[in-house]
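Written below as structure tokens is the structure these notes are about.
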Amino acid sequence: MFLLGFYSAELRLNIKPRRKIHILSAAGRTACEDLKEEIYGKQNAKALILSPPKKALWGYTYLPFICLCLTLLMLIMFSENIIIKSVLTVLSLIFAIWFLFRFFALFRSSLKILGEVIEVKYFSGMNFTRVIFKSEDVVGFEISQSVFQRFSGRCNVKFIIANAKSEKIKIKHINKNDAYKLKFPPLL
């Protein structure tokens, strides 16, 4: 849907855990923005936007890059066998698409705090996800670092939302100093 420029939307209810209603399918960006304003109202506050720095490109793309390089190397080594060559060609195309997806994910990932509304854009698997929730629904948040992130000064931020504890709302490679400044009314 990203390649075609379409969006879909679900509404999650606090009646039962994991209860969701699909409210928008294959719609344009303006329809999603209008729907957001209908649900959360127009936000006039100044937004705090955190996004991964461009230096985090390797953190986003190292795994598909390594897989792509290995398949291309194997493609060169096994160029005589037609069956292996065709399988490796398909795999290299898949890894190239994965690499491009992760490349664009770096520039689309962000954490926006706009008054009482929080918007997190992140990738999960091969999906871009945009989650919008009120700050009062935040039960807690977790800041974690990998060994490599400790050297670069970045971290991952995971939100724990009321009645959606199994839902992973996690944005990767945010500046550690900015992440430690995050505060929400329920946690003060």
Side-chain angles (χ1 to χ4, degrees), residues 1-2 7 9-12 14 17-18 29 32-33 35-37 39-69 95 97-188:
M1 287 181 40
F2 168 70
Y7 300 87
E10 294 176 349
L11 183 64
R12 299 199 181 228
N14 286 337
R18 311 273 311 158
R29 184 180 197 92
C32 287
E33 292 298 326
L35 183 64
K36 178 181 134 185
E37 282 187 15
I39 295 172
Y40 292 107
K42 195 158 186 98
Q43 299 293 324
N44 294 327
K46 188 175 178 183
L48 168 68
I49 301 173
L50 303 177
S51 56
K54 292 179 183 175
K55 294 186 290 185
L57 181 63
W58 180 248
Y60 273 79
T61 59
Y62 75 91
L63 190 57
F65 179 75
I66 290 171
C67 292
L68 180 61
C69 288
F95 291 140
I97 291 169
W98 186 24
F99 177 81
L100 289 174
F101 172 79
R102 296 292 286 266
F103 178 80
F104 288 116
L106 169 69
F107 299 105
R108 293 194 41 116
S109 297
S110 68
L111 167 64
K112 183 194 277 186
I113 301 174
L114 185 64
E116 293 187 15
V117 177
I118 300 170
E119 176 181 309
V120 181
K121 295 179 186 175
Y122 66 100
F123 68 94
S124 175
M126 287 290 282
N127 293 318
F128 287 120
T129 304
R130 177 180 174 193
V131 180
I132 303 168
F133 51 91
K134 294 223 178 219
S135 61
E136 63 192 29
D137 294 334
V138 176
V139 177
F141 65 97
E142 180 181 303
I143 297 174
S144 62
Q145 281 185 311
S146 70
V147 174
F148 301 111
Q149 286 176 334
R150 288 183 192 262
F151 296 114
S152 63
R154 295 188 302 263
C155 65
N156 301 330
V157 178
K158 178 180 175 184
F159 288 93
I160 303 166
I161 308 300
N163 288 337
K165 291 185 176 151
S166 62
E167 183 74 24
K168 292 180 182 177
I169 302 173
K170 183 177 185 179
I171 184 165
K172 298 179 179 181
H173 299 287
I174 296 293
N175 188 347
K176 181 179 74 169
N177 295 330
D178 293 338
Y180 281 127
K181 293 177 187 174
L182 294 176
K183 301 243 188 266
F184 300 102
L187 301 175
L188 294 177

Between atom [atom1] of [X] and atom [atom2] of [Y], what is the distance when rounded to the nearest 0.5 Å?
X      : Y      : atom1 : atom2 : result
Arg102 : Ile97  : CZ    : CD1   : 15.0 Å
Asn175 : Tyr180 : CG    : OH    : 11.0 Å
Phe95  : Ile66  : CZ    : CD1   : 11.5 Å
Leu68  : Phe99  : CG    : CZ    : 8.0 Å
Ile171 : Lys158 : CD1   : NZ    : 15.0 Å
Leu57  : Phe65  : CG    : CZ    : 10.5 Å

(message) Apply side-chain contact (heavy atoms from CB on, under 4.5 Å) to residues Leu100 and Trp98 and explain how you reach the verdict.
(response) CA-CA 5 Å; Leu100 289 174; Trp98 186 24; over 6 Å; no

(message) Within the structure provided, determine whether Phe159 and Leu111 are in side-chain contact (heavy-atom separation under 4.5 Å).
(response)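 In contact.
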
(message) Measuring only between side-chain heavy atoms, which start at C-beta, is Lys121 closer than 4.5 Å to Arg108?
(response)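 SC-SC contact between Lys121 and Arg108 ruled out.
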
(message) By the definition side-chain hydrogen bond (donor to acceptor under 3.5 Å, both in side chains), identify the one residue from Gln149, Gln145, Lys176, Lys172 that meets it with Asn156.
(response)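 Among the candidates, only Gln149 passes.
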
Donor-acceptor contacts under 3.5 Å from residues 48-56 side chains, at least two apart:
none

I need the minimum non-hydrogen distance between [X] and [Y], along with the two atoms involved.
X      : Y      : value
Val147 : Phe151 : O-CD1, 3.4 Å
Phe123 : Ser109 : CD2-OG, 4.1 Å
Cys155 : Ile143 : SG-CG2, 3.6 Å
Thr129 : Val131 : CG2-CG2, 3.8 Å

(request) Verify side-chain contact (heavy atoms from CB on, under 4.5 Å) between Trp58 and Phe148, making sure each step is shown before the conclusion. (result) CA-CA 11 Å; Trp58 180 248; Phe148 301 111; over 6 Å; no

(message) Assess the residue pair Tyr122 and Ile169 against the criterion (side-chain contact (heavy atoms from CB on, under 4.5 Å)); give the C-alpha distance rounded to whole Å, side-chain angles, the decisive distance to 0.1 Å, and a yes or no.
(response) CA-CA 8 Å; Tyr122 66 100; Ile169 302 173; 4.2 Å; yes

(message) Taking Ile174's backbone N and O only, do any of them form a donor-acceptor pair with Arg154's side chain (distance below 3.5 Å, no angle check)?
(response)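 No; judged by distance alone, with no hydrogens or angles, the pair does not exist.
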
(request) Please answer whether the main-chain N or O of Phe101 pairs with a side-chain N or O of Tyr60 as donor and acceptor at a distance below 3.5 Å. (result)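 No, the answer is negative, given that no donor and acceptor are paired below the 3.5 Å cut-off.
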
(request) Step through the shown structure and confirm whether more than 12 heavy atoms of other residues, nucleotides or ligands are within 6.0 Å of CZ on Phe107. (result)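 Yes, the 6.0 Å shell around CZ holds more than 12 heavy atoms from other groups.
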
